[in-house]
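Note that ligands are numbered from 1 as they come in the structure, with each ligand's atoms numbered from 1 the same way.
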Amino acid sequence: MTEIEAIIGLETHIQLNTRSKIFCSCKADSWEDPPNTNICPVCTGLPGVLPVLNRTVVEKAVLLAGAMHAESIQSVSYFARKNYFYPDLPKGYQISQYDEPLARGGFMEIPMPDGTVRRVTIHKLHIEEDAGKTVRAEGRRLIDFNRCGVPLIEMVTGPDLRSAEEAAQYLMRLRQLLRWLEISEADMEKGQLRCDANVSIRPVGDETLNPKTEIKNVNSIDAVRQAIQTEIERQTREVAAGKRIEAWTLEWDEDKGSLYKMRSKETEADYRYFREPDLLPILVDSDWREAVLRTMTELPLDRRARFVAEYDLPGYDAEILTEERSLSEYFEATLGLRPGEAKTVSNWMMNDVLRSLRDRGLTASRLRMRPEDLAQIIGMVDDKQITTNTGKELLEKVEATGIAPIELVAAEGLAKVSDDAQLRNLAEEILNSSQDQVEAYRAGKTTLIGWFVGQVMRKTGGKADPQRTRAILEELLAG
Ligand SMILES: [Zn+2]
């Protein structure tokens with residue numbers, strides 16, 4: 001049987017996190033607001049109004065184009081009207097960009113779980129406004145205009161992805177990048193990152209592009225993976241049965257886990273594009289472009305590579321520490337105070353700080369415990385002033401109270417008990433009250449040492465120095 005490969009291209013819509021909409025001063029994020037509360041004559045398309053472009057939208061788009069290594073960020077680009085009729089599109093057209101988009105060309109390199117890197121080309125990147133939302137309720141269609149005029153970036157990839165898993169990896173890296181650049185919250189469940197997938201198949205080695213189908217309305221990365229896989233399998237079955245693939249638009253039904261046909265696809269001619277007469281061209285001169293691009297921080301994959309090279313961290317640690325920008329910054333800030341201890345700091349971050357973040361649903365930038373506090377805790381554990389367990393507990397206490405670790409240790413008497421006389425007293429007490437265990441130990445069941453150490457730990461609230469305790473117990477039990 002001929003081996004089949006899938007050819008996948010993704011079209012993503014990215015909702016920018018600007019405060020106001022793209023052409024008016026209405027609040028852009030309406031996620032928790034009642035319907036039709038963030039609207040005005042401009043975004044609801046009343047006659048006689050004129051749109052005014054939000055400068056921040058252009059800046060965020062230029063930043064993303066830069067991160068995508070765009071071949072050209074156009075000094076002049078234009079808005080166009082995309083005409084179609086839909087109840088939640090009050091103007092009867094969407095203001096978008098068409099023949100002269102803001103940026104062309106570029107690529108994103110996506111590391112795959114098998115260690116290879118897939119270079120995904122970006123065909124074009126443009127700015128547009130969102131349409132409203134139609135909600136079906138009680139047999140009626142209700143329209144919410146809050147989303148009208150919310151700024152979007154549309155980004156189209158080349159047909160460079162070869163499997164459902166690769167498409168999922170692309171979306172994960174894109175989401176990471178958008179959050180890193182602070183241009184979108186990129187939450188697919190909230191529609192802040194939307195993805196349509198174009199899928200076709202061909203025998204491996206073949207260079208032709210066969211008719212493709214477009215999958216719409218997929219709202220999570222898992223759903224994208226499943227929908228594409230389902231479509232690859234359907235096309236493979238059709239071709240094996242001697243049928244031809246037609247250029248359908250498909251919708252993914254998440255509950256049923258199946259695709260159904262929406263309509264035959266519109267062609268671009270159906271949209272009757274023309275230049276938007278109410279807006280001037282977008283002029284991005286080199287000064288402005290350079291000023292925006294100068295604000296670009298080191299990108300996640302570059303930082304990941306640097307953490308491995310500069311701090312000798314395992315790739316796994318570097319990957320986790322750079323999942324989110326403020327986490328990577330937190331790590332470096334802490335490391336700055338504990339130089340040369342990259343792996344130790346990384347362990348504390350990955351085991352304890354991350355758990356605390358996940359429990360609280362926070363990012364590192366919102367932690368109450370500062371890198372100085374973490375460095376102080378690590379320092380006290382290293383210097384054997386406190387036990388590792390006390391250190392872990394301190395982390396939670398600092399986060400809950402905002403009090404510096406050193407002060408908590410003093411105020412709560414958390415310093416490690418390594419005073420031999422005190423430990424010896426405790427150990428004798430425990431041996432005297434555990435005659436059965438002592439006899440068992442002396443009869444050869446030496447694994448009981450752990451139990452004895454545990455008893456001393458309990459008595460000291462985990463503050464006993466475990467090595468000293470063990471040595472003292474062994475000496476007493478031998479006697
Ligand atoms: Zn408005």
Under 3.5 Å, is there a donor-acceptor pair between the Tyr271 and Gln94 side chains?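 Checked: Tyr271/Gln94 side chains show no N/O donor-acceptor pair below 3.5 Å.
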What I want to check is whether the side chains of Gln235 and Thr213 have a donor and an acceptor closer together than 3.5 Å.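 Side-chain D/A pair, Gln235 to Thr213: present.
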Tell me the protein N, O or S atoms under 2.8 Å from the Zn ion (ligand 1), in chain and number order.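 Short answer, with waters excluded from the count: Cys24 SG, Cys26 SG, Cys40 SG, Cys43 SG.
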If every non-hydrogen atom of Asn54 is compared with every non-hydrogen atom of Lys21, which pair is closest and at what distance?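 Taking Asn54 first and Lys21 second, the nearest heavy atoms are ND2-O, 3.2 Å.
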Nearest 0.5 Å please: distance from the NZ atom of Lys60 over to the CG atom of Asn17.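 Output value for this atom pair is 4.0 Å.
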Would you please test Phe79 and Tyr98 for ring-ring contact (aromatic ring centres under 6.0 Å, His included) and show each step? CA-CA 7 Å; Phe79 283 109; Tyr98 181 52; over 10 Å; no
Which residues pass the side chain to side chain donor-acceptor pair (under 3.5 Å) test with Ser72, sequence neighbours left out?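 Partners of Ser72 under the side chain to side chain donor-acceptor pair (under 3.5 Å) test: Gln74.
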